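Right, one structure below, let's go through it.
Every chain is numbered from 1 and lettered A, B, ... according to where its sequence line falls, protein lines coming before strand lines. None of the values given here were measured: they were computed from a predicted structure.
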Amino acid sequence: MALKLYNTLSQKKEEFIPLKKGEVKMYICGPTVYNFIHIGNARPFVIFETLKRYLEYKGYKVKWVQNFTDIDDKMINNAQKLKITVAELAERFIQEYFVDADFLNLQRAEVHPRATEHITEIIALIEKLERKGYAYNIEGDVFFEVNKFKDYGKLSGQNIDELRKGARIEVDLRKKNTIDFALWKKSKPGEPFWPSPWGEGRPGWHIECSAMSMKYLGETIDIHAGGSDLIFPHHENEIAQSEAATGQPFVKYWLHNGYIFLDNQKMSKSLGNIMKVRELSKRFRGEAVRYFILSAHYRSPLNFSEEQLQQAEASVQRIENVILNLEHSLKQSKIKEDILEDQEKQILEQKNESAQQFIMALDDDFNTPVAISHLFNFAKIINRYLASNEGKSKLVLEESKNFYYTFAGKVLGIIKEKKKTTDLNQEIEELLKEREQARNKKDWKKSDQIREELKRKGVILEDTPEGVRLRRIN
RNA sequence: GGCGGCAUAGCCAAGUGGGAAGGCAGAGGACUGCAAAUCCUUCAUCCUCGGUUCAAAUCCGAGUGCCGCCUCCA
């Protein structure tokens, strides 16, 4: 089955064919580490990390790079405000990023390069552009001359003349053209700087991604992804500088996700309508936040609300429950080996069908909401089977469990392996025994009290026809 | 002004020509000592108006409302 992805460059869904068979090189624009990330920042990280998981599931070897922007105006301003150095600020928020990333169940990229650690490569790239006549130096500021790059605007569908008209930015009159952008910025007093052929300064914003993408992944890569707001100018400029320098296509598939809205407006730090991931982590589980993000198609807008997160919690729990139900049944005595009845053969077929549908959905431009719906479809089927009183087939239970661990766990990352409920402490064991005795005596009051007490200790107790079942509150 | 997106149930969200998926919430029922979990049943004139078609949520046209990018931004 072929994976199709919507390529911003062609504005069409295209079949995904990697440059090198069996291997995928992808670069995700990471955070500028001047503050905590918010849920809008987290969306592309979750989406494209999930895409990476899916590519791996499909058997690709994925090389995934995600950068940290650790030098720019915002970094400098915030460092000044906090009275620390830019480097200290970066260090702090890189650590904080990883705390949030772990909460979101994000796997690490193969490399997390930082702009300031690649000044040599950046300078070399600018020099190359200068040699080829695409860059010009004015008093220590180096600009990219957009008019020299004929494909400028191909990603964002803009043409140069319109861009000129629409320019709202305060224009640096020294530039040859209003839309020329900075490759290297001369440092002002008090700002961090690095020596360069053009004097002391620092890299422009766009050049770092070009330099690091090329360094770790090569001149042409398969996938470059980020939020839609990066299409212009960031990614447009990356294309210009990279392709001007190498003469090669920079990226085969450009992927962009839609925004997260809060109060009907794009969530953004400058508007101040943000919800930090750190804030959410105090009230919701990472699984639920992940589910929330994956519950809409990645290119659609997604509205943030507390209610949405609560619904996501409940939905995740339904999937966790089906796994719990399966595991509970597997521990029962009435388990059958091998022999399958017709009904059971049918269930296995339905499981395969659901798996296939799940894959088809993701193959169709990574349609996670549809994929998720198939997890629920099969949940109904398997729960129905589990609710019957007959002996259960071990094979059916195992395969079903596997289905969820593979798709909900490994691929989507919306469930984690649970702490084993078997490692109960002695106190809880005692309470369980006590309650069992009370129930035998039909002392419901005491029995209910103990159930309440267990709940306070983080264990939810459920009575089933096959004995008590325990569930941990996370 | 240029480029682009969105509008489907109480809430979320798929579907882009022929059955309106799925989740959350709600209602009723089954099971249970009670809960919980689970199962069964139930829950949509697809923003408006025209048009094309045997057939439209889906295609075309007009309109309404909301939003984004063109400035740092995921």
Enumerate all atom pairs, one protein N or O and one N or O from nucleotides 34-36 of chain B, separated by less than 3.5 Å.
residue, atom, partner, partner atom, Å
B:C34, O2, A:Arg451, NH2, 2.6
B:C34, N3, A:Arg451, NH1, 2.9
B:C34, N3, A:Arg451, NH2, 3.3
B:C34, N4, A:Asp463, OD2, 3.0
B:A35, N6, A:Asp463, O, 2.8
B:A35, N1, A:Asp463, N, 2.9
B:A35, N3, A:Arg451, NH1, 3.0
B:A36, O2', A:Glu462, OE2, 2.8
B:A36, N1, A:Asp463, O, 3.4

With respect to the side chain of [X], which nucleotide from [options] is positioned closest?
X	options	result
A:Gln158	B:A74, B:U38, B:C69	B:C69
A:Pro44	B:A25, B:A74, B:C40	B:A74
A:Asn41	B:U38, B:C40, B:A74	B:A74
A:Pro233	B:A37, B:C72, B:C39	B:C72

Have a look at [X] and say if it touches a base, only the backbone sugar-phosphate, or nothing, with a 4.0 Å heavy-atom cut-off.
X	result
A:Asp229	base
A:Leu375	nothing
A:Phe45	nothing
A:Asn321	sugar-phosphate
A:Lys266	base
A:Gly30	nothing
A:Ile231	nothing
A:Gly226	sugar-phosphate

Using the test ring pair (Phe, Tyr, Trp, His ring centres under 6.0 Å), find all partners of [X] that sit at least two apart in sequence or belong to another chain.
X	value
A:His297	none
A:Tyr385	none
A:Phe366	none
A:His206	A:Phe181, A:His234

Please give the nucleotide sitting opposite [N] as a Watson-Crick or G-U wobble pair, both distances under 3.5 Å, or none.
N	result
B:C46	none
B:G33	none
B:A20	none
B:C3	B:G68
B:C59	B:G51
B:A74	none

Give a yes or no on whether the ring-centroid distance for A:Phe304 and A:Phe261 is below 6.0 angstrom.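 Between A:Phe261 and A:Phe304, which both carry aromatic rings, the centre distance is not below 6.0 Å.
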Is the distance between the ring centroids of A:His224 and A:Phe250 less than 6.0 Å?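 Yes; A:Phe250 has its ring centre under 6.0 Å from that of A:His224.
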When the [atom1] atoms of [N] and [M] are considered, how many whole Å apart are they?
N	M	atom1	answer
B:U64	B:U52	C1'	23 Å
B:C6	B:U42	P	33 Å
B:G2	B:G10	C1'	40 Å
B:C72	B:A56	C1'	44 Å
B:A25	B:U16	C1'	29 Å
B:C3	B:C60	C1'	22 Å
B:G22	B:G15	P	15 Å
B:A35	B:C47	C1'	44 Å

Measure [atom1]/[X] against [atom2]/[N] and give the value in whole Å, please.
X	N	atom1	atom2	result
A:Arg299	B:G68	CZ	C1'	15 Å
A:Phe378	B:U38	CZ	P	15 Å
A:Asp180	B:C70	CG	P	18 Å
A:Phe181	B:C70	CZ	P	15 Å
A:Leu230	B:C70	CG	P	10 Å
A:Glu208	B:C72	CD	P	14 Å
A:Asn237	B:C69	CG	C1'	14 Å
A:Phe93	B:A74	CZ	C1'	17 Å

Contact letters for nucleotides 11-22 of chain B, in which S counts primed atoms plus P, OP1 and OP2 and B counts the base, heavy atoms under 4.0 Å: BSSSS-----BS
Would you say the side chain of A:Leu386 lies within less than 4.5 Å of the side chain of A:Leu397, judging by non-hydrogen atoms?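 Side chain of A:Leu397 against side chain of A:Leu386, heavy atoms only: contact under 4.5 Å found.
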N/O (side chain, A:Asn264) to phosphate O (OP1/OP2, B:C66) under 4.0 Å: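 For B:C66, OP1/OP2 do not have a side-chain N/O of A:Asn264 under 4.0 Å.
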Side-chain N,O (A:Arg384) to OP1/OP2 (B:U38) below 4.0 Å: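 Checking A:Arg384 against B:U38: no side-chain N or O falls below 4.0 Å of OP1 or OP2.
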Just to verify, what does A:Gln357 make a side-chain hydrogen bond (donor to acceptor under 3.5 Å, both in side chains) with, not counting sequence neighbours?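 side-chain hydrogen bond (donor to acceptor under 3.5 Å, both in side chains) check on A:Gln357 returns A:Glu353.
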Can you list everything that forms a side-chain hydrogen bond (donor to acceptor under 3.5 Å, both in side chains) with A:Ser156? Sequence neighbours excluded, please.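 A:Ser156 satisfies side-chain hydrogen bond (donor to acceptor under 3.5 Å, both in side chains) with A:Glu236 once adjacent residues are dropped.
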By side chain to side chain contact (heavy atoms under 4.5 Å, CB included) - contacts of A:Pro31 (at least two apart):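 Result, side chain to side chain contact (heavy atoms under 4.5 Å, CB included) vs A:Pro31: A:Val33, A:Ile37, A:Phe45, A:Gln66, A:Phe68, A:Tyr97.
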Tell me every residue that passes side chain to side chain contact (heavy atoms under 4.5 Å, CB included) with A:Leu348, counting only those two or more places apart in sequence or in another chain.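 Here the qualifying residues are A:Leu340, A:Leu395, A:Val396, A:Glu399.
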For a quick test of reading the model, state the closest non-hydrogen atom pair linking A:Ile274 to A:His38 and the distance between them.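 Looking at all heavy atoms of both residues, the shortest contact is CG2-CD2, 3.6 Å.
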Those residues of residues 270-281 of chain A lying under 4.0 Å from RNA chain B by at least one heavy atom: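 Here the set is A:Ser270.
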Do other residues, nucleotides or ligands put more than 12 heavy atoms under 6.0 Å from A:Lys392 NZ?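 Enclosed.
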Which pairs, with at least one residue in residues 104-113 of chain A and sequence neighbours excluded, count as a salt bridge (Lys or Arg N to Asp or Glu O under 4.0 Å)?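 Counting only pairs at least two positions apart or across chains, the salt bridge (Lys or Arg N to Asp or Glu O under 4.0 Å) contacts touching residues 104-113 of chain A are A:Asp102-A:Arg108.
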If only side-chain N and O atoms count, and only distance matters, is there a donor-acceptor pair under 3.5 Å linking A:Tyr152 with A:Asn147?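 Side chains of A:Asn147 and A:Tyr152: no pair found under 3.5 Å.
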